[in-house]
Amino acid sequence: MALSIQNASRTELSAVWRFYEEVCDALAESAFSPGWHLGIYPNMSELSEQIAAGELLMASCDGRIAAAAVLTGDDPAYASAAWLHTAETAELCVLHLFAVHPDFRGKGVSDAVLEAIIEWAEKNGKRLLRLDVVKGNLPAERLYRRHGFVFCEEREVWYEDTGEITVRLYERELG
């Protein structure tokens with residue numbers, strides 16, 4: 001399977017929205033759902049801003065979006081976290097909304113896209129890549145560990161769409 005990975009463009013916003021719509025529908029039935037609620041997280045306005053800022057990466061295969069992810073700067077929600085490493089704000093990158101379309105699961109897409117995300121972060125001068133995983137999402141934790149992410153801590157966080165949930169924080173040092 002040949003994947004093309006690039007920053008999403010403004011003209012692709014509606015396709016990105018459909019991608020997340022289909023992912024959220026599929027995740028609602030999953031035992032490993034992150035609890036996303038389309039319209040709250042993700043929402044069209046934030047996706048548009050993230051595309052404009054060059055923060056939304058997508059992987060395409062045969063003209064379809066197979067996966068997407070948002071890479072932002074440091075997340076203030078985790079300022080007090082027990083991270084293993086420190087870095088200047090400009091050297092930090094936080095992974096959000098990483099998802100593989102249900103039609104592309106089980107085909108190695110998550111591994112390929114996560115490697116591309118790591119490469120993107122390194123090329124953009126980042127030293128640390130951080131993320132959270134909803135407690136109990138063991139497939140996601142296995143994926144991140146396989147790619148060199150290290151567990152830092154478990155904590156309660158509050159999100160507008162899920163309320164208070166327990167997440168597990170991970171980080172990876174980059175090249």
Side-chain angles (χ1 to χ4, degrees), residues 1-28 30 32-78 89-134 137 139-140 143-144 147-149 159-162 167 170-172 174-175:
M1 172 182 320
L3 286 173
S4 167
I5 301 169
Q6 69 280 333
N7 286 84
S9 69
R10 289 177 191 262
T11 61
E12 294 165 313
L13 177 60
S14 61
V16 168
W17 182 253
R18 276 192 309 280
F19 166 83
Y20 280 113
E21 192 172 45
E22 292 169 8
V23 164
C24 286
D25 284 347
L27 288 175
S30 170
F32 305 111
S33 174
W36 298 344
H37 294 90
L38 190 72
I40 300 172
Y41 185 81
N43 71 60
M44 182 76 81
S45 175
E46 286 180 3
L47 290 175
S48 178
E49 290 170 14
Q50 291 156 342
I51 288 172
E55 297 174 336
L56 198 145
L57 294 178
M58 61 183 215
S60 301
C61 181
D62 298 328
R64 292 184 61 208
I65 300 175
V70 173
L71 292 155
T72 66
D74 196 15
D75 190 329
Y78 300 121
T89 300
E91 298 173 315
L92 296 175
C93 192
V94 181
L95 178 61
H96 302 277
L97 288 171
F98 179 36
V100 174
H101 191 281
D103 294 347
F104 292 91
R105 292 198 181 128
K107 299 177 181 179
V109 172
S110 60
D111 286 296
V113 174
L114 187 54
E115 279 303 312
I117 288 167
I118 291 166
E119 288 175 24
W120 181 93
E122 289 175 332
K123 285 179 188 173
N124 284 280
K126 305 303 180 185
R127 282 193 335 101
L128 292 173
L129 181 55
R130 294 176 172 165
L131 56 90
D132 71 34
V133 178
V134 173
N137 189 343
L143 170 71
Y144 296 128
H147 289 271
F149 285 82
Y159 291 120
E160 183 180 355
D161 60 329
T162 59
V167 296
Y170 282 84
E171 76 179 355
R172 178 186 162 156
L174 303 173

Flag side-chain contact, heavy atom, 4.5 Å: Asp132 against Asp75: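 Not touching, per the 4.5 Å side-chain cut-off.
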Residue pair Ser9 / Ile51: nearest heavy atoms and the distance that separates them: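 Reported closest heavy-atom pair: C-CG2, 3.4 Å.
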Main-chain N/O of Leu92 paired to Arg130 side chain as donor or acceptor, under 3.5 Å: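 No, the answer is negative, given that no donor and acceptor are paired below the 3.5 Å cut-off.
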Minimum heavy-atom distance Asp74-Val94, with the two atoms named: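 Scanning both residues, the minimum pair turns out to be CA-CG2, 4.0 Å.
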Inter-residue atom distance Leu56.CG - Ser48.OG, 0.5 Å rounding: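 Result: 10.5 Å between the selected atoms.
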Nearest heavy-atom neighbours spanning Ile118 and His147: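 Of all heavy-atom pairs spanning Ile118 and His147, the closest is CD1-O, 4.1 Å.
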Any side-chain heavy-atom pair of Leu114 and Phe149 under 4.5 Å: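 SC-SC contact between Leu114 and Phe149 confirmed.
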Which residues share a side-chain contact (heavy atoms from CB on, under 4.5 Å) with Ala140, sequence neighbours left out: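 Once residues adjacent in sequence are excluded, the partners of Ala140 under the side-chain contact (heavy atoms from CB on, under 4.5 Å) criterion are Val133, Asn137, Tyr144.
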Check: Ala112 main-chain N/O paired with Glu115 side-chain donor or acceptor under 3.5 Å: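 Not confirmed, Glu115 side chain does not pair with Ala112 backbone.
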Side-chain heavy-atom pair Ser60, Gln6 within 4.5 angstrom cut-off: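 Ser60 vs Gln6: side chains touch.
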Heavy-atom pair with the smallest gap, counting every atom of Trp17 and Met44: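 That closest heavy-atom pairing would be CZ3-N, 3.2 Å.
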Point-to-point distance, once rounded to the nearest 0.5 Å, from CD1 of Ile65 to CG of Leu3: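 Those atoms lie 12.5 Å apart.
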Pairs involving residues 45-59, ordered by first then second residue, that meet salt bridge (charged side-chain N to carboxylate O under 4.0 Å, His left out) (sequence neighbours left out):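 Sorted pair list comes back empty.
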Any donor-acceptor N/O pair, Gln50 side chain to Val70 backbone, under 3.5 Å: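 No.
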Considering all heavy atoms, the nearest Trp36-Tyr41 contact: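 That closest heavy-atom pairing would be CB-O, 3.3 Å.
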Nearest atoms (heavy-atom pairs only) where Val23 meets Ala99: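 Reported closest heavy-atom pair: CG1-CB, 3.7 Å.
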Side-chain (Arg105) to main-chain (Val100) donor-acceptor, under 3.5 angstrom: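 Yes: the side chain of Arg105 pairs with the backbone of Val100.
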Reported CG-to-CD1 distance for the pair Leu57 and Ile117, which is rounded to 0.5 angstrom: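 Going from the CG atom of Leu57 to the CD1 atom of Ile117 covers 6.0 Å.
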side-chain hydrogen bond (donor to acceptor under 3.5 Å, both in side chains) partners of residues 19-28, not counting sequence neighbours, each pair once: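 Every pair satisfying side-chain hydrogen bond (donor to acceptor under 3.5 Å, both in side chains) with a residue in residues 19-28: Glu22-His101.
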Rounded distance (nearest 0.5 Å) linking atom CG of Leu131 with atom SG of Cys93: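 Here the interatomic distance stands at 10.0 Å.
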Beyond-backbone contact of Phe19 with Met58, side-chain heavy atoms, under 4.5 angstrom: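 Sidechains of Met58 and Phe19: no contact.
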Heavy-atom donor-acceptor pair, Asn124 side chain to Lys126 backbone, under 3.5 Å: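 Side chain of Asn124 to backbone of Lys126: no pair is present.
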From Ile40 atom CD1 to Tyr159 atom OH, the distance as rounded to the nearest 0.5 Å: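 Answer rounded to 0.5 Å: 14.5 Å.
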Interatomic distance, Leu27 atom CG to Leu38 atom CG [nearest 0.5 angstrom]: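 Reported value, rounded in 0.5 Å steps: 11.0 Å.
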